Amino acid sequence: MPLVCTVNYGQAVRKYSNEFMNIGVDAAALGMANAVTASTADVNSGYWNPAGLIHLEDHQLSLMHANYFANIAQYDYIGYASPIDDRSAWGISLIRFGVDEILNTTELIDSQGNIDYNRISLFSTADYGFTFSYARKLPVPGFQYGVNAKIIRRIIGKFADSWGFGFDVGLQFEKKDWKFGLMVRDITTTYNVWNIDEKEYQKIADAVPGQNQELPESTEITAPKVQLGLSKKFIIRYDYSIMAAANVNMRFAKTNDLISTDFFSVNPALGFEFGYTDLVFVRAGVGNFQNIEQLDNTEKVGFQPNIGLGFKYKGIQVDYALTDLGNQSAALYSNIFTLKVDLSLFRN
């Protein structure tokens, strides 16, 4: 495990740097295949589009926990947000993605060549993302913007650690029942600086002949990503509502996304939410369209369907999503739960 981590994390420019920050939060959004750039309007907007924080009417708290890769890793999120006045709002959030109790076998064999299992120790690897968000209405009616300032902390036991810094910018526009959203993640690029323990590195240097001859690069850069969103809510006989949403997600790199060129890749997502009296919600979405190469060298298009449920009562909302979060297999799905609380409930 140390060998793999050290090699992968050292590249200067990586296509998938800081990917733990792209997993997503909030079961309500995950149930809609993350197609919420335009419609997000609560405490979780700090992640999806900070401009949405402007819709907050009071303090809100959100909590989420998920098991990742068949319970090997743990993914946790907490967010808090509050209006400042009738034109601005702020929020903070913390994401942790970690794997604990990893076996460290770099000292398994002693200086005489004997295997000594007492020399095995345990370590953890964890990624942390702290975000401060600010949103404000623009003078033009219907427009609002938001900004995220992010601090990234990544730790691989005693082998290596890094600090990173970056910014996101979001914009929303509302016209009648239509909502439009733009989110640019890592707009200035997010820059990570790694500190690698050279003494520990030497224990695995050349463990595989011809590999790990030199220390990896100490910096990596996360390139910007752009998300465009559109949504519209339809009211049916007062008690019922249907919201349809779409996202276009763009990376400036060649990937396996549905549309891919040497300059950029595009991946669409569609989501729906059916609501009854703002009390019960049923959600569905499809996204993560990928060109998958088959054994016979032909390609097919794969995609990820998601479904979800939500219940809201007196300022407390519980959301559930069934999604293959991290499994990358249609046969292995994850159960995601999120708790969202309007803190004005306790004052009343």
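These figures come from a predicted structure and were not determined experimentally.
In terms of heavy atoms, Y47 sits closest to I23 at OH-N, 3.7 Å. Considering every non-hydrogen atom in both L53 and V43, the closest pair reads CD2-O, 3.9 Å.
Just one residue in the list K225, R251, R154 forms a salt bridge (Lys or Arg N to Asp or Glu O under 4.0 Å) with E19, and that residue is R251.
Residues Q60 and D58 bring no donor and acceptor atom of their side chains to less than 3.5 Å of each other. D257 and S260 are not linked by any side-chain donor-acceptor pair at a separation below 3.5 angstrom, with hydrogens and angles left out of the test. Looking only at atom types and distance, the side chain of S39 has no donor-acceptor partner in the side chain of S231 under 3.5 Å away. With no hydrogens or angles considered, no side-chain donor-acceptor pair links T222 and D186 at under 3.5 Å. Remark: the S124 side chain and the D100 side chain contain an N/O donor-acceptor pair separated by less than 3.5 Å.
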Query raised in the report: Should N192 and I221 be marked as a side chain to side chain contact (heavy atoms under 4.5 Å, CB included) after you check the CA-CA gap, both sets of side-chain angles, and the distance that decides it?
Result: CA-CA 6 Å; N192 284 63; I221 297 173; over 6 Å; no
**Report entry** Worked verdict on S62 versus T338 for side chain to side chain contact (heavy atoms under 4.5 Å, CB included)
**Finding:** CA-CA 7 Å; S62 182; T338 302; 3.5 Å; yes
Query raised in the report: Q304 and Q290: side chain to side chain donor-acceptor pair (under 3.5 Å), yes or no, with the steps?
Result: CA-CA 9 Å; Q304 175 184 323; Q290 299 286 301; over 6 Å; no
Query raised in the report: Should Y320 and F311 be marked as a ring-ring contact (aromatic ring centres under 6.0 Å, His included) after you check the CA-CA gap, both sets of side-chain angles, and the distance that decides it?
Result: CA-CA 9 Å; Y320 163 78; F311 301 92; 9.7 Å; no
Requested in this report: For the pair I242 and I236, evaluate side chain to side chain contact (heavy atoms under 4.5 Å, CB included) and give the outcome as yes or no after the intermediate values.
Outcome: CA-CA 8 Å; I242 296 178; I236 305 172; 3.7 Å; yes
Query raised in the report: Under the side chain to side chain contact (heavy atoms under 4.5 Å, CB included) criterion, do V286 and N306 qualify, and how do the steps go?
Result: CA-CA 6 Å; V286 59; N306 299 338; over 6 Å; no
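Ring orientation note: the planes of F252 and F263 are nearly perpendicular, at an angle over 60° on the 30°/60° scale. Using the six-membered ring where Trp is involved, W90 and Y80 have ring planes that are perpendicular, over 60° apart on the 30 and 60° scheme.
Under 4.0 Å is where a charged nitrogen must lie from a carboxylate oxygen, and between K158 and D197 no such pair does. R96 has no carboxylate O lying under 4.0 Å from a charged side-chain N of D127, or vice versa, which leaves the two without a salt bridge.
For the atom pair CG (N49) and CD (Q227), the distance works out to 8.5 Å, reported to the nearest 0.5 Å. The OG1 atom of T37 lies 3.5 Å from the CG atom of N247; values are rounded to the nearest 0.5 Å. Atom CD1 in I155 sits 11.5 Å away from atom CG in N195 (nearest 0.5 Å).
Distance alone, capped at 3.5 Å, is enough to place a donor-acceptor pair between the S265 side chain and the T255 backbone.
More than 12 heavy atoms of other residues, nucleotides or ligands sit less than 6.0 Å from atom CZ of F234.
Listed by first and then second residue, the ring pair (Phe, Tyr, Trp, His ring centres under 6.0 Å) pairs that reach into residues 133-152 are F143-F173, sequence neighbours excluded.
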Please tabulate, one pair per line, all N/O donor-acceptor pairs under 3.5 Å involving side-chain atoms of residues 268-281, not counting sequence neighbours.
| residue | atom | partner | partner atom | Å |
| --- | --- | --- | --- | --- |
| E273 | OE2 | R283 | NE | 2.8 |
| E273 | OE2 | R283 | NH2 | 3.3 |

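Hydrophobic clustering keeps L343 apart from L56 (ILVMFWY residues linked when any side-chain heavy atoms are closer than 4.5 Å, directly or through intermediates).
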